[in-house]
Amino acid sequence: ETGINAEYGISSFCPGNVWTKVNFKGQLPPLEGHSVIKSNNKVFIFSRGSFIILDLETLQKTISHAPDALALSNATFMTSVLFNEKIFISGGYGEEQTSSQLVCFNTATSEWSLLPTTGNHAPYLYFHSATLLGKLMVIFGGCERSMFLKYSQEVYILDLETMNWINPVVEGSERPSVRSNHSAVVLDPTTILIFGGFFMSEYPRRKVYYNDLWKLSISVSGDKVVWSKLTTTNHISERSGHIAHLFHSSSGPQMVVFGGRTLENQVAVPTDYLHSLDVSSLTWTSHEVIGTPSSFPMPRRNHKSVFHGTKVFIFGGSYVIEDTDGVVFNDCWMLETAPWLYEKTKPIYLKNQIWSTPSKVPTGPPTSSLEDVTTLQMRSAMSLLFNQKEVSDLVITVEEKKIYLVSSDYFTFTFIHFISNRSTIAKSCSLFQKVSLRSFTKFFLIICSPYLYAMFHSGMAESSSSSLQEMLFTYDTMLTFFRYLYFNDTAGAQSIVDIVCLLTASFCI
């Protein structure tokens, strides 16, 4: 048990997309325009002068404040990178500060400092991106602090060892347009991917959102950068204020994108869209979100995130339509990407699932000798449901021992999708092939429970009890069959034969 008090909602199981609402010990403040960075198991959030430290293992929260001398009490929309246990915070909107200095927080000593830099420094920016490549902090885009709003398309590079700004030679036949509030992810030690962003044109005055993808190649020394525009297929909508993370799967690098603001019918609205980009094929995939409103994040923009293991933690953001008043969120959500690492097939959809413990989510590939990816994918999903108290809505008690099951109709597939590669025993039971998991479980329990059997045949209403007893079979036999049903575990085959024979006979009655 991790002690996390969380609501799990499974959106499109691709075959993952597991959303978790994480409740830290102590309420988070509303967060928008904040900076988020992770060091080991701790997340550091800087927002309007407050410095929040969250422990991802214990879920403890501590809050402190940056020294007034740093002039950051109202700063928003800054960026941060972590280098040698130090967090470097650049830019921000709301406070006057010289851009030749950089705010630094030492995570090892908890000391703040204002570090001078040398060279031709970047202007004071906000809504920009800052990405760490080795010892280089690479800044791109954003808005400049000046008398008039000015968007940037420049690249600025700071060597964090020497604190010297580098003036790189910029090459490439095309360059990105000026933009802000885009995303930037590291593809490899010398490459950054830039996606999306926003620009307010003056003449005519209109809002421009981008969905283009750019590759920024940077030399190890930082003295040369090369822009390349990448052409993708299955385009997704233009957006800004989204989050993006890149991870490596068995099929190559994948970039996951969530949320942000986009134009729908010429109205700027926040979204809860979840997409992934196969970087090798440059193909986008959109993942449908299924479930109750409380089982996945509300649409939002300007949220921030960190990548921890195989999980993406998302903090805050806001829901604002156009420029009206809206709501700023104080929540945290976790997206589990582990199944993406070993699956390549279409999504399995699970509906309205409620979980309580993130530790129950598998963090590695299922073990199987089967080659059929549909069955592999199915068993990966089923492994989340078998004999788990936290997710169960049906408890069977046999010989004073409990078996935890899921009876609800979470799956939209038919039973044949799962048993198509089962043993000849299951294949011979053609009557099972069009029965949903819920219907099959219900029928199975009616046959195996004298109490339910009598109720069914007496014309009484269907039981709504979540606890059943008095089964015809022993605990070991029942457990063996359900392991076969959920995992294709054929150990104890004679018990399986006995139950299958009973069910087959019951179908014929």
Side-chain angles (χ1 to χ4, degrees), residues 27-38 43-54 61 63-66 68 70-82 87-97 99 102-103 105 112 122-131 139-146 149-152 179-184 196-200 207 209 239-244 258-262 268-271 297-306 313-333:
Q27 192 175 36
L28 295 175
L31 296 170
E32 184 182 26
H34 51 302
S35 170
V36 177
I37 199 76
K38 183 182 75 74
V43 175
F44 298 85
I45 302 176
F46 187 83
S47 176
R48 300 181 185 274
S50 296
F51 201 62
I52 305 166
I53 303 176
L54 304 174
K61 180 196 73 173
I63 297 181
S64 61
H65 296 275
D68 292 339
L70 298 179
L72 291 174
S73 60
N74 292 313
T76 57
F77 301 111
M78 71 291 290
T79 58
S80 57
V81 299
L82 178 72
I87 298 174
F88 296 87
I89 301 173
S90 66
Y93 180 84
E95 290 286 354
E96 293 296 334
Q97 184 188 65
S99 56
L102 210 62
V103 175
F105 178 78
W112 290 91
Y124 200 75
L125 297 165
Y126 59 97
F127 280 133
H128 56 295
S129 62
T131 313
I139 292 175
F140 168 71
C143 299
E144 292 188 25
R145 289 284 302 273
S146 61
L149 183 61
K150 182 180 179 181
Y151 291 86
S152 173
R179 67 190 61 206
S180 66
N181 226 1
H182 49 280
S183 62
F198 170 82
F199 165 66
M200 176 70 81
K207 296 177 179 179
Y209 292 84
R239 71 198 56 222
S240 71
H242 55 283
I243 61 103
F258 171 72
R261 205 180 196 191
T262 188
V269 296
T271 75
M298 286 184 62
R300 63 192 62 207
R301 62 161 191 178
N302 296 337
H303 43 294
K304 298 296 181 181
S305 60
V306 297
F313 287 83
I314 296 171
F315 301 90
S318 67
Y319 182 92
V320 178
I321 296 179
E322 283 295 337
D323 297 318
T324 62
D325 293 335
V327 59
V328 178
F329 299 110
N330 65 342
D331 55 359
C332 173
W333 289 85

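Just so you know, residue 1 is the first one in the sequence shown, and it goes up from there. Fair warning: this is a prediction, and the values are worked out from it, not measured in the lab.
- Taking 4.5 Å as the limit, every side-chain heavy atom of Ser80 sits out of range of all side-chain heavy atoms of Phe46.
- Legend: residues meeting ring-ring contact (aromatic ring centres under 6.0 Å, His included) with Phe127, ordered by chain and number and at least two apart, are Phe77.
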Let's go through Phe258 and His303 carefully: what are the C-alpha distance in whole Å and the side-chain angles of both, what is the deciding distance for ring-ring contact (aromatic ring centres under 6.0 Å, His included) to 0.1 Å, and is it a yes or a no?
CA-CA 10 Å; Phe258 171 72; His303 43 294; 5.5 Å; yes

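- Between Ile37 and Val43, the closest side-chain pair of non-hydrogen atoms is not below 4.5 Å.
- Using a 4.5 Å cut-off on side-chain heavy atoms (C-beta onward), Arg301 and Ser318 make contact.
- No side-chain donor-acceptor contact under 3.5 Å links Tyr319 to the backbone of Pro299.
- Contact of the Ser47 side chain with the Leu31 side chain is registered, since non-hydrogen atoms from C-beta on lie closer than 4.5 Å.
- Atom NZ of Lys207 and atom OG of Ser240 lie 9.5 Å apart (nearest 0.5 Å).
- Nearest approach of Ser152 to Leu125, heavy atoms of both residues: CB-CD2, 4.5 Å.
- Of the inter-residue distances, the one linking Ser129 atom OG with Ile139 atom CD1 reads 8.0 Å to the nearest 0.5 angstrom.
- With rounding to the nearest 0.5 Å, the separation of OG1 in Thr79 from OH in Tyr126 is 14.0 Å.
- Partners of Phe51 by ring-ring contact (aromatic ring centres under 6.0 Å, His included), not counting sequence neighbours, listed by chain and number: Phe44, Phe105, Trp112.
- Using a 3.5 Å distance cut-off with no hydrogens or angles, the side chains of Ser180 and His128 do not pair a donor with an acceptor.
- Contact check for Ile87 versus Lys38: no side-chain heavy atoms found under the 4.5 Å cut-off.
- Between the CZ atom in Arg179 and the CZ atom in Phe199 there is a gap of 10.5 Å [rounded to 0.5 Å].
- Here Asn302 contributes atom CG and Ile243 contributes atom CD1; the two are 12.5 Å apart, rounded to the nearest 0.5 Å.
- Counting heavy atoms from C-beta outward, Thr76 and Glu32 have side chains that stay 4.5 Å or more apart.
- Ser183 pairs by the side-chain contact (heavy atoms from CB on, under 4.5 Å) definition with Phe195, His242, Ala244, not counting sequence neighbours.
- The shortest distance between side-chain heavy atoms of Met200 and Tyr151 falls below 4.5 Å.
- Between the side chains of Thr262 and Thr271, no donor N or O sits under 3.5 Å from an acceptor N or O.
- Here the straight-line distance linking atom NE2 of His65 with atom OG of Ser50 works out to 4.5 Å at 0.5 Å rounding.
- Taking the side chain as every heavy atom from C-beta outward, Lys61 and Ile52 approach each other to under 4.5 Å.
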